[in-house]
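Beneath this line is the structure, given in structure tokens, with notes to follow.
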Amino acid sequence: MKQKKIPLRTCIVTGEKLDKRELLRIVKNKDNEVFVDLTGKKNGRGAYIKKDLKVLEEAKKKKSLERKLECEISDEVYNEIRKVLEN
């Protein structure tokens, strides 16, 4: 039986190449709205971070998401990401 290909993505904070399911996708759409994409299929520019609160704090401190998505990211978005990671 043929093995299914596992998509790999790179965490923008740690630089690790991980299975797509181990990462959280953050998306900026055409209207410059930034949100968490739990399906991994929403339209827009995406950035992946590891599902770890320490990585989220580092991303916020270094402004990794803001650089990757080329926009300001509000505390509301970081709080939304935190809620998703805590569940």
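- With sequence neighbours left out, the salt bridge (Lys or Arg N to Asp or Glu O under 4.0 Å) criterion links K62 to E58.
- Contact detail for L18 and E22: the closest heavy-atom pair is CD2-OE1, 3.7 Å.
- Other residues, nucleotides and ligands place no more than 12 heavy atoms under 6.0 Å from the NZ atom of K42.
- Under the rule for a side-chain contact (heavy atoms from CB on, under 4.5 Å), N87 has no partner lying at least two apart in sequence or in another chain.
- Members clustered with L56: I12, V13, L24, I26, V34, V36, L38, I49, L53, V55, L65, L69, I73, V77, Y78, I81, V84, L85, by chain and number, using a 4.5 Å side-chain heavy-atom cutoff among hydrophobic residues.
- Scored by the salt bridge (Lys or Arg N to Asp or Glu O under 4.0 Å) test, K28 finds no partners at all (sequence neighbours excluded).
- With sequence neighbours left out, the salt bridge (Lys or Arg N to Asp or Glu O under 4.0 Å) criterion links E80 to no other residue.
- Summarising the geometry, atom CG belonging to L8 is positioned 12.0 Å from atom CD belonging to E16; distances are rounded to the nearest 0.5 Å.
- One distance of note links CG of L23 with NZ of K51; it measures 8.0 Å at 0.5 Å rounding.
- Looking at R9 and D19, no side-chain N of the basic residue comes within less than 4.0 Å of a carboxylate O on the acidic one, giving no salt bridge.
- If you take CZ on R45 and CG on N32, they are separated by 12.0 Å, rounding to the nearest 0.5 Å.
- With sequence neighbours left out, D37 forms a salt bridge (Lys or Arg N to Asp or Glu O under 4.0 Å) with R25.
- To the nearest 0.5 Å, the span separating CZ on F35 from CD on E76 amounts to 15.0 Å.
- Of the N and O atoms on the side chains of T14 and K50, not one donor lies less than 3.5 Å from an acceptor on the other residue.
- In the displayed structure, N43 atom CG is contacted under 6.0 Å by at most 12 heavy atoms of other residues, nucleotides or ligands.
- Atom CD of E86 has more than 12 heavy atoms from other residues, nucleotides or ligands within 6.0 Å.
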